[in-house]
Amino acid sequence: MKIGALKESHEGEARVGITPSSTAFLKKLGHEVFIETGAGEKAGFSDQDYEAAGVTVLPSAQELTDGVDVVVKVRQPQDGEIGRMREGQTLISHFYPAQNEDLLAKAKDQGITAIAMDMVPRISRAQKMDALSSMANIAGYRAVIEAANNFPRFFTGQVTAAGKVPPAKVLVVGAGVAGLAAIGAATSLGAQVFAFDVRPEVAEQIESMGAEFVYLDFEEETKDGAETGGYAAPSSPEFREKQLEKFRELAPEMDIVITTALIPGRDAPVLWTKDMVEAMKTGSVIVDLAAEKGGNCELTEPDQRIVSENGVVIIGYTDFPSRMATQASELYGNNIRHFVTDLTPGKDGVIDHNMEDDVIRGATVAHAGEVTYPPPKPKVAAIAAQKPKEKKKDLTAEERRAAEVAAFKAETKSQVTLLAGGGILLLLIGLVAPASFMSHFIVFVLACFVGFKVIWNVAHSLHTPLMAITNAISSIIILGALMQIGSGHWLVVILASLAVLMAGVNIFGGFLVTRRMLAMFQKS
Amino acid sequence: MEYGFTTAAYVVAAILFILSLGGLSGQESAKRAIWYGIVGMGLAVLATLFGPGAGNWWLSVILIAIGGGVGYVVAKRVQMTEMPQLVAAMHSLVGLAAVFVGFNAQLELGRVLRAKAAGLPDAVAVTGEQGAAVIPVNLFRGFAEVLTHKTPAELNMLQIEVFLGVFIGAVTFTGSIVAFGKLAGKIDGKPRKLPGGHLLNAGAAILSLILGLMYIGDVGPSFFWLILIALLACFIGWHLIMGIGGADMPVVVSMLNSYSGWAAAAIGFTLSNDLLIVTGALVGSSGAILSYIMCKAMNRNFVSVILGGFGGETGPAAEIEGEQVPIDADGVATALNEADSVVIVPGYGMAVAQAQQAVSELTRKLRAAGKEVRFAIHPVAGRLPGHMNVLLAEAKVPYDIVLEMEEINDDFPSTDVVIVIGSNDIVNPAAQDDPNSPIAGMPVLEVWKAKNVFVSKRGQGTGYSGIENPLFFKENTRMFYGDAKDSINALLPLVE
């Protein structure tokens with residue numbers, strides 16, 4: 001099959017869908033690779049680079065579209081681009097089918113197969129094709145860099161001869177891929193990072209990246225993130241209120257705020273209101289990664305860097321990945337070629353659009369004259385359902401006291417029961433058994449008791465020596481034989497002699513072996 | 001006066017024994033503990049030799065010397081890997097000795113009773129009159145003399161004690177021999193039962209109880225009953241342990257250890273010897289606790305272990321997908337050279353292949369290269385509690401890098417390479433994942449959480465329990481087939 005990448009027509013878009021390095025993999029699958037001239041220019045890949053990698057460079061979008069079977073793009077196609085396509089052609093690009101119903105209808109009418117890279121299901125097998133994640137990773141990193149660029153102070157705290165510099169305080173709202181990438185970049189610059197997310201289960205991930213999770217004291221049946229494929233679900237109004245209250249409290253302290261909160265298929269929730277911006281210090285920076293969907297910050301203007309009245313810089317760029325076009329193209333190109341690998345199971349250059357496959361089915365939004373969005377639920381659950389975590393509540397002093405008393409009572413009860421039971425048993429035995437027996441019996445019971453107490457403390461690694469030594473000690477039976485060996489009866493003497501002999505073997509053998517074993521234990 | 005001296009020596013010996021067992025709480029104090037035990041035993045034997053009731057002094061000394069010589073030679077010669085069977089074999093000696101001492105007690109009792117009957121017929125009437133028997137002391141020496149002073153009630157008690165001592169001793173005797181055979185590979189390790197299974201055991205036990213009652217009640221020929229009881233108990237011991245699989249031997253050995261203690265305690269009652277009672281009780285409780293610990297480590301019920309074999313399966317075990325991917329020494333060496341942290345999980349296979357020296361050498365090399373090397377020991381690894389620790393100690397692996405399951409299980413996710421050497425069930429993830437698995441719920445070492453797992457194994461067979469191990473089919477697992485010793489030796493030159 002012939003696969004070709006168009007030059008992006010959207011203004012400011014610098015990425016490209018196929019790179020010279022991804023070409024090699026596509027060719028291995030048996031495909032021919034084409035590109036529109038100048039498509040990789042802004043991402044740092046010249047036409048010569050492509051030609052060197054074995055890509056045929058075509059002079060215009062029209063010729064490319066006509067000449068290939070599979071059209072690869074980064075952004076969602078514009079009317080002209082999709083209009084040029086013919087029936088039976090395949091388009092691989094971002095699509096956002098939920099927001100672009102017209103586009104979807106157009107794809108259907110034209111009979112093209114549209115694969116939306118933003119619809120790749122979030123299952124482990126498909127991670128290598130997850131363009132949203134790879135782009136979000138870049139966006140998160142870049143957001144911190146943009147913030148640092150606009151922030152008039154250090155990120156890291158320093159004590160210098162000229163004075164002390166406090167570390168910048170960074171708040172990351174939304175700990176998805178972008179949020180986590182931002183946390184990582186900010187902590188490695190030395191900032192003190194706080195992070196918030198409506199999904200309490202990500203607290204662990206946040207902490208693992210070196211940030212502090214901002215806890216919200218709110219009792220609600222939070223929806224399990226696994227149900228929604230790892231994305232956040234909309235929250236209740238009460239929860240939102242509580243959340244805003246927390247942000248209001250944090251706003252004056254924070255130097256950098258990076259918001260990444262997105263809900264699939266909806267406008268971004270407003271989480272950073274005007275009054276919060278006003279409460280922030282002059283020179284603070286807000287980077288709104290949700291600007292494209294309206295922004296998490298009330299004042300955000302998409303694609304603009306604005307400065308609020310009190311001197312807070314609000315960055316609403318929507319092209320963070322494009323600002324790192326080389327890196328972004330490399331990763332996106334890899335996502336594409338992984339997807340094509342799945343589409344070409346035979347590695348023979350023949351595309352088999354298998355609608356039974358969870359990943360292919362999920363990403364395909366239009367196929368054979370039908371709209372195939374939304375896809376059915378994937379057969380494999382995206383993420384293993386989280387087990388409800390047991391919350392360890394900090395007990396109050398009284399509760400702890402009560403628990404201790406209860407435990408003490410239970411222990412006392414069990415001990416008293418045991419003692420009483422044992423005592424009664426002893427009394428019963430005492431009633432029938434002769435006195436001389438009882439005196440020995442007491443010794444016996446005490447010895448058992450001492451044995452139990454002592455053996456519990458034996459180290460596990462010494463269990464074999466313990467067995468060897470108890471074995472040696474159990475040859476104390478020799479005493480019995482020795483007491484009988486002096487008897488007047490010949491049979492008794494013989495049996496006792498044998499017993500002495502055997503016990504003798506045991507004493508020496510047992511102790512010697514134990515010694516050999518113990519002598520070997522050594523410290524490093 | 002002499003009696004007072006003996007008792008004093010016994011008290012000291014008892015305290016020394018307790019200190020000796022207590023000293024095993026740490027490796028360093030254990031080296032001192034063994035001497036407490038030796039001194040205690042020497043003191044006890046000497047005190048008994050010089051104490052009341054002992055005779056044939058020279059015979060005793062010569063026999064102890066001969067026995068000691070044999071014991072010395074055996075203990076010097078034995079390989080550390082043969083330790084389990086040695087311990088089992090020695091238990092059988094204690095068991096048999098207990099049986100003999102029990103027989104003797106009955107023989108002496110018979111003599112005393114006959115003499116009493118001859119001398120003072122009405123005094124020993126079964127009516128239980130206080131038989132103020134005055135028998136010429138010089139007629140009986142030693143233990144028999146003590147018997148002459150007993151009341152009929154005490155004599156009945158004594159017979160109960162003899163019964164218990166002989167019974168437990170005989171079970172220990174044959175049970176230990178079977179355990180020895182299984183551990184030494186002389187008897188097939190698979191559970192085997194005669195037709196009738198445990199009913200046969202129960203029948204034998206009931207029969208011996210009846211015989212015991214007849215013996216105590218002085219119905220018929222007492223000594224003959226006692227011998228029958230011993231034979232029945234021998235059968236029970238043999239059949240019981242034959243029915244238990246090789247994988248459960250750690251529990252069996254510690255259980256037999258416990259039995260030998262209880263037998264000694266029962267004999268101690270018979271002979272009115274407090275030191276025997278104390279020591280027997282110490283050994284008995286120690287064995288009981290060890291058995292309990294082992295059972296807990298395997299998540300098995302003690303009764304089900306004793307009744308032998310694994311419990312009935314509750315459903316089909318989960319199907320395992322994937323295949324076992326083999327790897328050669330180069331591959332393992334590359335992974336080891338790149339790793340920072342390595343955990344080695346040894347099992348019985350390491351003992352069988354005598355690979356502990358090679359493993360120790362590998363450890364030394366890896367540590368010299370600045371890598372963190374640790375050992376993870378499952379409580380039931382090997383055939384004896386703490387078996388692996390002893391083998392590694394023999395190969396001079398420092399004990400502070402040898403860790404228990406609880407200590408190391410949380411560290412596997414951050415471990416680069418895990419090498420599993422000859423263990424199977426103790427690293428089987430089915431214990432956690434598959435509720436239908438026969439070992440479901442048994443605590444296992446979570447090696448599959450590490451980045452790479454290499455399994456050194458002879459072939460594709462299953463482990464002792466005969467259960468398929470999904471670990472071998474995991475994506476991050478590679479099978480390093482071959483004899484453990486040869487495999488590790490092949491690695492040594494490749495590891496820098």
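Throughout, a chain's letter reflects where its sequence line sits, starting with A, and its residues are numbered from 1.
For B:Val99, no part lies under 4.5 angstrom from a heavy atom of chain A. At a 4.5 Å heavy-atom cutoff, the contact between A:Leu466 and chain B is made by backbone and side-chain atoms alike. B:Ile267 touches chain A through its side chain: at least one heavy atom from C-beta onward sits under 4.5 Å away, while N, CA, C and O do not. Using a 4.5 Å cut-off between heavy atoms, B:Leu256 makes no contact with chain A at all. Of the atoms belonging to A:Ile477, heavy atoms from both backbone and side chain fall under 4.5 Å from chain B. Residue contact with chain A, scored on non-hydrogen atoms closer than 4.5 Å, involves the side chain of B:Tyr10 exclusively. Both the backbone and the side chain of B:Ala44 have a heavy atom closer than 4.5 Å to some heavy atom of chain A. For chain A, the nearby part of B:Ile293 is the side chain; its heavy atoms alone come within less than 4.5 Å. For chain A, no part of B:Val74 is nearby; none of its heavy atoms comes within less than 4.5 Å. Only the side chain of B:Met157 comes within less than 4.5 Å of a heavy atom in chain A; its backbone stays farther off. Using a 4.5 Å cut-off between heavy atoms, A:Phe441 touches chain B through backbone and side chain atoms alike. At a 4.5 Å heavy-atom cutoff, the contact between A:Ile473 and chain B is made by backbone and side-chain atoms alike.
Side-chain contact check for A:Met502 versus B:Phe100: some heavy-atom pair is nearer than 4.5 Å.
Considering CD1 of B:Ile38 and CZ of A:Arg515, their distance stands at 6.5 Å, rounded to 0.5 Å. For the atom pair NE2 (A:His463) and CD1 (B:Ile377), the distance works out to 13.5 Å, reported to the nearest 0.5 Å. Note that OG of A:Ser474 is 10.0 Å distant from CZ of B:Phe17, once rounded to the nearest 0.5 Å. Of the inter-residue distances, the one linking A:Leu491 atom CG with B:Arg111 atom CZ reads 10.5 Å to the nearest 0.5 angstrom. Atoms CZ and OG, on A:Phe452 and B:Ser286 in that order, are 9.5 Å from each other to the nearest 0.5 Å. From A:His440, atom NE2 reaches atom CG of B:Leu271 across 9.5 Å, with rounding to the nearest 0.5 Å.
Partners of A:Phe508 under the side chain to side chain contact (heavy atoms under 4.5 Å, CB included) rule, at least two apart in sequence or in another chain, are B:Ile64.
Without hydrogens or angle criteria, A:Arg516 side chain to B:Ala75 main chain gives a donor-acceptor distance under 3.5 Å.
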